S.K.: 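There's a structure below that I have some questions on.
In what follows, chains carry the letters A, B, and so on, assigned in the order in which the sequence lines appear, proteins first and then strands, with residues in each chain numbered from 1. Scope of the values below: all heavy atoms of this structure, side chains included, with no hydrogens, waters or symmetry mates. It should be emphasised that the depicted structure is a prediction, and the values quoted were computed from it without experimental measurement.
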Number of protein chains: 2
Amino acid sequence: MSGRSRSRAVSPPRRGAACSVDLVCISREAASLVVLLQHGARRTWRLPSAMLRAGGDLEDAVAALTRTVVGRDIAWRQQAGAVTAGSHPDGAAVSVGYVVIVSSGTAAPPGAAWHGSGELPRSLAARHSAVVGAAVAHVRARTDQSPVAFRLLPPMFTLGELQEVYELLLGRTLHKASFRRALSAARLVEPTDKWRSEGRGRPAQLFRYAPRRRARVARTARFDLLGG
Amino acid sequence: MSGRSRSRAVSPPRRGAACSVDLVCISREAASLVVLLQHGARRTWRLPSAMLRAGGDLEDAVAALTRTVVGRDIAWRQQAGAVTAGSHPDGAAVSVGYVVIVSSGTAAPPGAAWHGSGELPRSLAARHSAVVGAAVAHVRARTDQSPVAFRLLPPMFTLGELQEVYELLLGRTLHKASFRRALSAARLVEPTDKWRSEGRGRPAQLFRYAPRRRARVARTARFDLLGG
DNA sequence: TCAATAGTGTCTGTTAGACATTATGGA
DNA sequence: TCCATAATGTCTAACAGACACTATTGA
């Protein structure tokens, strides 16, 4: 354990660890994933970030940073990776990227704006572009293992919206009947008594995320994503 | 390696990023995943690691570390994550863990030994235990997306051995006929003209990893691993 | 009534899992 | 010969994808 050696932290590196925590807030606008960028120096854009204090904890740092940026902590977050490529606007040698997901429709805080994840501004440092890329890839790769899609949606949503989010994350269209059949079997959502009418057609029923079944393990080995 | 930084227990690195690169070499022995640990100070065990030089690149550092530890670079490697929990034997504030996979049957280099990933020695620092845990979880979670199983095996292997590795990584038994059917459809292996006889039964044909098909995307959304 | 969208029932080809059978060596 | 293990063929239930159909609103 570490209790004893904690005393060693009495004389840790004197100047802060040259390590930053960079926050990638991901949301959705229409058919795009969007990332929250802040105004940086000299008309550049940058990710919200904080230097890690000497002896500081990554999770604590990202929680504090999240509170600063979006006004509240967001429980669900994942580390997207540590990078040294390029240079960091604050001079960090290493940047640790974290992803949080923000419900679509959330307004950007002052001094910040949403940018499409596929069309990042050129003034974004290469380091930060790499972090965003890793974060988006991370989220996409975990679509079927984390409730990412539901975090991108407001608490009540239509099945059409849910399918749109899945199609956005997975990067391909899905078959409507199959999608709903599988969703129903997974018992992840429950209907509400609310309906939403938009434009012409029949109104869509609103659902909420209410997983009722423990995660089921896949039965067989899958080789689909492997290969040459 | 740790020789130079061993002196750190006396006075921590003053300058430079207080960031270490920790290497998790994973291999297989019988029905267990094993991790390569080195002898540390005062009869402890530790992961091979190196302090990141100021301005140094993570990938360069881990490549150099890999050469030092196993005598050669290993092209396939993945970052398992950055952690600050506990304390690092060399005083790093942040440790970035990397995983490489070593073919089973590889002898441990001098001063190191293989340890079962589920029964790590108590003298391993909490920081390093966390890194190992993240690394093993990382590998297991990517079994079906990375050729991890084949890296755990020698160049020629029987289908029974391959299935054993998959069962070890996935943590459950697999159906033999289904496993082979899916493997055949994926065109990942090709038979050799060699056979191996072990004990009583019919000899098993040896195969080699020779992916012939581009990775195929899964067609439908999967909700199996999601939920309550 | 028409157009547009939501939601569902049915059919079919594919596939996973169970089971049985053949193949081939050692004891 | 018997036994143990490899490898494979067949059957069936489950499922994915296609399609068509009904339902319900606004124009």
S.K.: According to ring-ring contact (aromatic ring centres under 6.0 Å, His included), who are the partners of A:F179, at least two apart in sequence or on a separate chain?
M.R.: A:Y166, B:F223

S.K.: Please tell me which of the listed nucleotides, C:dG7, D:dA7, D:dA18, lies nearest to the side chain of B:Q205?
M.R.: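 Nucleotide nearest to B:Q205's side chain: D:dA7.
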
S.K.: In chain order, what residues pass the salt bridge (Lys or Arg N to Asp or Glu O under 4.0 Å) check against A:R67, with sequence neighbours excluded?
M.R.: none

S.K.: When you measure from the side chain of A:K176, which nucleotide among D:dA7, D:dA18, C:dA6 comes out closest?
M.R.: C:dA6

S.K.: List in chain and number order the residues that pass salt bridge (Lys or Arg N to Asp or Glu O under 4.0 Å) with B:R196, two or more places apart in sequence or in another chain; answer none if no residue qualifies.
M.R.: B:E161

S.K.: Specify the residues of residues 163-171 of chain B, ordered by number, for which at least one heavy atom lies under 4.0 angstrom from an atom of DNA chain C.
M.R.: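 Those residues: none at all.
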
S.K.: Under the side-chain contact (heavy atoms from CB on, under 4.5 Å) rule, collect the residues that match up with A:S178, sequence neighbours excluded.
M.R.: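 For A:S178, the residues satisfying side-chain contact (heavy atoms from CB on, under 4.5 Å) (neighbours in sequence not counted) are A:H175, A:R181.
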
S.K.: Can you list the residues that meet the side-chain contact (heavy atoms from CB on, under 4.5 Å) rule with B:V136, with sequence neighbours excluded?
M.R.: B:I26, B:L33, B:S117, B:V132, B:R140

S.K.: The criterion is salt bridge (Lys or Arg N to Asp or Glu O under 4.0 Å); which residues satisfy it with A:E190, sequence neighbours excluded?
M.R.: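 A:E190: salt bridge (Lys or Arg N to Asp or Glu O under 4.0 Å) contacts with A:R208, A:R212.
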
S.K.: Rounded to the nearest 0.5 Å, what separation is found between the CG atom of A:L58 and the CG atom of A:L65?
M.R.: 11.5 Å

S.K.: Could you work out, with side-chain contact (heavy atoms from CB on, under 4.5 Å) as the rule, every residue matching B:S103, not counting sequence neighbours?
M.R.: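 Residues passing side-chain contact (heavy atoms from CB on, under 4.5 Å) with B:S103: B:T106, B:P154.
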
S.K.: Which donor-acceptor pairs under 3.5 Å do the side chains of residues 118-131 of chain A make with protein atoms, sequence neighbours left out?
M.R.:
from, atom 1, to, atom 2, distance (Å)
A:S123, OG, A:W45, N, 3.1
A:R127, NE, A:A85, O, 2.7
A:R127, NH1, A:A92, O, 3.2
A:R127, NH1, A:S95, OG, 2.7
A:R127, NH2, A:T84, O, 3.0
A:R127, NH2, A:G86, O, 3.3
A:R127, NH2, A:A93, O, 3.3
A:H128, ND1, A:L47, N, 3.0
A:H128, NE2, A:D22, OD2, 2.9
A:H128, NE2, A:H88, NE2, 3.2
A:S129, OG, A:A125, O, 3.4

S.K.: Return each pair, listed once, that meets ring-ring contact (aromatic ring centres under 6.0 Å, His included) where at least one residue sits in residues 181-205 of chain A; pairs must be two or more places apart or across chains.
M.R.: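 Listed by first then second residue: nothing to list.
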
S.K.: What is the distance, to the nearest angstrom, from the CG atom on A:L183 to the P atom on D:dC15?
M.R.: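 Result: 15 Å.
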
S.K.: What N/O pairs connect the protein and nucleotides 12-16 of chain C at under 3.5 Å? Give each pair on its own line.
M.R.:
from, atom 1, to, atom 2, distance (Å)
C:dA16, N7, B:R181, NH2, 3.4

S.K.: Taking only N/O atoms, report every protein-nucleotides 25-27 of chain D pair under 3.5 Å with atom names and distance.
M.R.:
from, atom 1, to, atom 2, distance (Å)
D:dT25, O2, A:R200, O, 2.6
D:dG26, O4', A:R200, O, 3.2
D:dG26, N2, A:R200, NH1, 3.4
D:dA27, O4', A:R200, NH1, 3.0

